[in-house]
Amino acid sequence: MTIRTRFAPSPTGHVHIGNMRAAIFNWLYARHTGGEFLLRVEDTDRERSTPEAIKTLLEAMDWLGLNVDEAPLYQSTRMDAHLAAAERLLATGHAYKEDKGGTGQGECIIFKMPGTDIEFTDLVKGTLKKTAADMADFVIVRSNGTPVFHLANVLDDIEQKITHVIRGDDHVENTFRHIALYKALGAPVPEFAHLPMIINAQGKPYSKRDGDAFVGDFQSKGFFGDALFNYLALLGWSPGDEREVMTRQEMIDAFDLVTVRSSPAQMDSRKLLWMNGEYMRAMKPADFSALCRNELFAAGVKPGCSADAVFALMQERTKLPSEIVPATAFFFSDDFEYDQKAVEKKLAKPETFQTLEKIAGILQTLEAFDSETVNKALHDFVEQGGLKFGDVMPPLRIAVSGQQSGPDLAPVLAILGKETVLARIRGTIVRFNV
RNA sequence: GACCCCAUCGUUCAGCGGUUAGGACACUAGGUUUUCAUCCUGGUAACACGGGUUCGAUUCCCGUUGGGGUCACCA
């Protein structure tokens, strides 16, 4: 039997990471077992299900590399089937009509629970059971004639031949009802796996109202889909050894539902950032260069001919693409900003300017201006002058870049070139030595 | 409140009766011929509590506490 899993979001607004993590686990399980991963768009809430929301959803899945094996099923196209099933349930005595609560809204169709205890083995949580007394009958078709989630969800899972329902922890209570529905419908009951919730910094699960957990936000902040995927896969699951940064294939090979933890996990954005940096460093230099060029282009900065050398310096220290422009702008324009705090801190003493003056004098005499030559000159200067690197390098760095941190200084100077370096040092002296 | 679930460093993932309780992120000390957001080497830091079972419990059982989920004509 081919294993079939599905992701069944309702496209109301943006998808948050809790939902998307469920999609990732569904995808991983399908890929691991050689099965199929499907998408069902539960768009019956016409008010909130907009074409834009669906587009956003599809883009997010594409960004994360969650490819599906069949065309998506749109739940809104299935209403007739849902209603027909309700009629069947009525006919077989599994449901009844009632004006529930006597509201005068008319009669709705209510599913009759079997009156027996229900038990199932959840692939991640183990055996779960519920006694008959704790389960009440529930509405499956509203008095306005529209099907309710439980009915639609189960019928569509049957329609899509879903063998493993992998969803959030918040659905465990529904499962007992759904199992009763499957049985009443004469359909085979699938396996269930309920994933622990991902909680936010406040310890609460991410919800539709959680403003900063939309998948699209991570994309627009410059995170890589692969990095987010990797990070999210590790929330509640591990390959069983100490690997963390893994390829898709490694995750697919190692993934299993029984090794998923059953306690909630909190998202750590710092670790996500670290992981993004890992992916950044793993990029091919040419791809990283292209990324940099795009960033710079978008910011209206024109990278010069030495750009690739600059990017090579940046790759190992960049975690997010958004860091590129502010960190490299000084390479491509003499019109850069000085970090005010850095200036106040490191360019305060008069002797600092004397030092800069001397450095400029030394650099001017160099015939070659490559990284090694510059490096040696700087070191000799520090040693012979009995100075400290901490008194020399930071001011020099600020003088040529306006910043107090960055890549190795010697290669930075080499890339900038002698003329530029001398001009900037002297410009800095004139500007700040008051 | 009722029903259900969960409980190892600040966070995350290991550990599945006997371990100096491990890795990663974060933090921190030092190193990379005393610059630097990378890299390397160290360090701080956890089994919620109380009962059992056992020769022996982080690990098994029960309870307490704490956290979470669900109790809709939402999905």
Side-chain angles (χ1 to χ4, degrees), chain A residues 8-12 42-45 47-49 75 98-101 103 105-110 122 124-126 128-131 133-136 138-150 152-153 168-177 194 196-197 199 201 203-205 208 231 234-245 259 261-275 277-278 280-281 313-319 323 327 346 375 378-379 382-383 387-398 401 403-410 412:
Chain A
S10 56
T12 55
E42 302 207 330
D43 59 345
T44 51
D45 189 336
E47 301 278 312
R48 293 183 293 173
S49 300
Q75 191 162 70
E98 185 184 301
D99 178 6
K100 199 181 174 194
T103 54
Q105 293 174 58
E107 292 189 317
C108 52
I109 300 177
I110 297 175
D122 188 286
V124 346
K125 303 176 90 70
L128 265 20
K129 62 185 117 183
K130 197 109 176 163
T131 52
D134 287 321
M135 296 180 287
F138 59 96
V139 175
I140 51 176
V141 176
R142 301 185 187 86
S143 53
N144 68 4
T146 58
V148 166
F149 163 74
H150 303 292
N153 186 266
D169 225 346
D170 51 338
H171 282 292
V172 287
E173 300 291 327
N174 291 334
T175 304
F176 297 99
R177 301 198 263 220
H194 289 95
M197 303 272 91
I199 57 183
K204 302 285 182 189
K208 296 161 184 110
Y231 178 75
L234 256 23
L235 239 34
W237 173 79
S238 83
D241 49 43
E242 287 170 350
R243 285 176 294 164
E244 292 202 313
V245 178
T259 55
R261 291 191 106 224
S262 55
S263 50
Q266 192 173 92
M267 168 124 192
D268 182 357
S269 55
R270 289 172 306 183
K271 186 154 184 177
L272 203 214
L273 185 61
W274 163 78
M275 187 162 279
E278 291 293 305
M280 191 75 83
R281 268 175 256 151
L313 244 32
M314 290 305 298
Q315 183 163 4
E316 69 173 17
R317 58 208 306 124
T318 303
K319 288 179 176 156
E323 297 165 8
K346 303 287 185 182
N375 192 41
L378 253 22
H379 276 73
V382 169
E383 271 176 40
L387 300 165
K388 287 183 176 177
F389 273 68
D391 290 329
V392 175
M393 301 302 228
L396 180 54
R397 181 187 293 283
I398 294 166
S401 73
Q403 300 170 6
Q404 59 182 334
S405 62
D408 275 343
L409 201 42
V412 167

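Throughout, protein chains are lettered first and strands after them, A, B, ... in sequence-line order, and every chain is numbered starting at 1.
- Atom CG in A:Asp170 sits roughly 16 Å away from atom P in B:A72 (whole-Å rounding).
- Distance check on atom C1': B:U59 versus B:A7 gives 14 Å, rounded to whole Å.
- Base pairing of B:U54: no nucleotide in any strand meets the Watson-Crick or G-U wobble criterion (both distances under 3.5 Å).
- Residue A:Glu242 contributes atom CD, which lies 7 Å from atom P of B:A24 at whole-angstrom precision.
- Among the protein residues, A:Val139 comes within range of the sugar-phosphate backbone only, with heavy atoms under 4.0 Å from sugar or phosphate atoms but none that close to a base.
- Here the separation of B:C9 from B:A48, taken at their C1' atoms, is 14 Å to the nearest Å.
- When the side-chain hydrogen bond (donor to acceptor under 3.5 Å, both in side chains) test is applied to A:Asp122, the partners found at least two apart in sequence or on another chain are A:His194.
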For nucleotides 27-29 of chain B, give me every protein contact, N/O to N/O, under 3.5 Å, one pair per line with atom names.
none

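- Across A:Gly106 and A:Asp99, no two heavy atoms sit closer than the pair O-OD1, 3.3 Å.
- Straight-line distance between the C1' atoms of B:G15 and B:A57: roughly 14 Å, to the nearest whole Å.
- Counting non-hydrogen atoms under 4.0 angstrom, A:Asp99 reaches a base of the nucleic acid.
- Counting all heavy atoms, side chain and backbone alike, A:Trp237 lies closest to A:Thr259 at NE1-OG1, 3.1 Å.
- Side-chain to base pairing of A:Ser262 with B:C5: no donor and acceptor N or O lie closer than 3.5 Å to each other.
- The distance between atom CZ of A:Phe138 and atom P of B:U70, rounded to the nearest whole Å, is 17 Å.
- Atom CD1 in A:Ile140 sits roughly 15 Å away from atom C1' in B:A72 (whole-Å rounding).
- In this structure, A:Asp241 reaches neither bases nor backbone, as no heavy-atom distance under 4.0 Å exists between it and the strands shown.
- Applying the Watson-Crick and G-U wobble criteria (two distances, each under 3.5 Å), B:A2 pairs with B:U70.
- Dashed line: the shortest gap from a side-chain N or O of A:Lys271 to OP1 or OP2 of B:A24 is not under 4.0 Å.
- Each of A:Thr259 and A:Pro9 was assigned the nucleotide of RNA chain B with the nearest heavy atom; the assignment lying further toward the 5' end belongs to A:Thr259.
- Taking atom CG of A:Asp134 as the reference point, atom C1' of B:G1 lies 13 Å away to the nearest angstrom.
- Counting non-hydrogen atoms under 4.0 angstrom, A:Leu128 reaches the backbone sugars and phosphates but no base.
- Using a 4.0 Å heavy-atom criterion, one finds that A:Glu244 contacts the bases of the nucleic acid, with or without backbone contacts as well.
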Fill in the blank from the handout: Once base and sugar-phosphate atoms are separated, protein heavy atoms under 4.0 Å mark nucleotides 33-46 of chain B, 5' to 3', with B, S and - as -SBBBBS-------

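- Within the 4.5 Å cutoff, side-chain heavy atoms of A:Phe149 are placed close to those of A:Asn174.
- With A:Tyr231 contributing its side chain and A:Met267 its backbone, the two residues share no donor-acceptor pair below 3.5 Å.
- Between A:Lys346 and A:Pro395, the closest heavy-atom pair is O-CG, 4.0 Å.
- Across all strands shown, B:U65 is found opposite B:A7 as a Watson-Crick or G-U wobble partner, with both distances under 3.5 Å.
- Applying the salt bridge (charged side-chain N to carboxylate O under 4.0 Å, His left out) test to A:Glu98 and every residue at least two apart in sequence or in another chain returns nothing.
- Of the possible donor and acceptor atoms, one in the side chain of A:Asp241 sits under 3.5 Å from a partner among the backbone N and O of A:Arg243.
- Of the P atoms belonging to B:G23 and B:C40, the separation is 15 Å, rounded to the nearest Å.
- Going from atom NZ of A:Lys130 over to atom P of B:G69 covers 15 Å, rounded to whole Å.
- In this structure, A:Leu235 reaches the sugar-phosphate backbone alone: every heavy-atom distance under 4.0 Å involves primed, P, OP1 or OP2 atoms, never a base.
- Spacing between atom CZ of A:Arg261 and atom C1' of B:G15 amounts to 11 Å, rounded to whole angstrom units.
- Counting any heavy atom pair closer than 4.0 Å across all strands shown, A:Gly168 reaches no nucleic acid atom.
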Problem - Per-nucleotide protein contact string for nucleotides 58-68 of chain B, where B marks a base within reach and S marks sugar-phosphate only (heavy atoms under 4.0 Å, - for neither) - result: ----------S

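- Between the side chain of A:Gln315 and the backbone N or O of A:Met280 there is at least one donor-acceptor pair closer than 3.5 Å.
- Ion pairing of A:Lys130 with A:Glu173 is present here, as a side-chain N (NZ or NE/NH1/NH2) and a carboxylate O approach within less than 4.0 Å.
- The shortest side-chain heavy-atom distance between A:Val412 and A:Leu313 falls under the 4.5 Å cut-off.
- When the P atom is used for both B:G43 and B:A21, the distance is 14 Å, rounded to whole Å.
- For the C1' atom pair drawn from B:C60 and B:G18, the interatomic distance equals 15 Å after rounding to whole Å.
- B:C71 and B:A24 have their P atoms separated by 42 Å, given to the nearest Å.
- Of the two residues contacting RNA chain B, namely A:Leu272 and A:Asp169, the nearest-nucleotide position lying further toward the 5' end is that of A:Leu272.
- Checked against salt bridge (charged side-chain N to carboxylate O under 4.0 Å, His left out), A:Lys125 has the following partners two or more places apart in sequence or in another chain: A:Asp169.
- B:A21 makes up no base pair with any nucleotide shown, lacking Watson-Crick or G-U wobble contacts both under 3.5 Å.
- With hydrogens and angles ignored, the 3.5 Å screen pairs no side-chain donor or acceptor of A:Ser238 with any backbone N or O of A:Leu234.
- The nucleotide B:C39 finds its pairing partner in B:G31, both defining distances of the Watson-Crick or G-U wobble pair being shorter than 3.5 Å.
- For the C1' atom pair drawn from B:A72 and B:U12, the interatomic distance equals 36 Å after rounding to whole Å.
- Within the model, atoms CZ of A:Arg177 and CD1 of A:Ile140 stand 12.0 Å from one another, a figure rounded to the nearest 0.5 Å.
- Per the geometry, CE belonging to A:Met275 stands 11 Å off C1' belonging to B:C13, to the nearest Å.
- The two residues A:Glu323 and A:Thr318 have their closest heavy-atom pair at OE1-CA, 3.5 Å.
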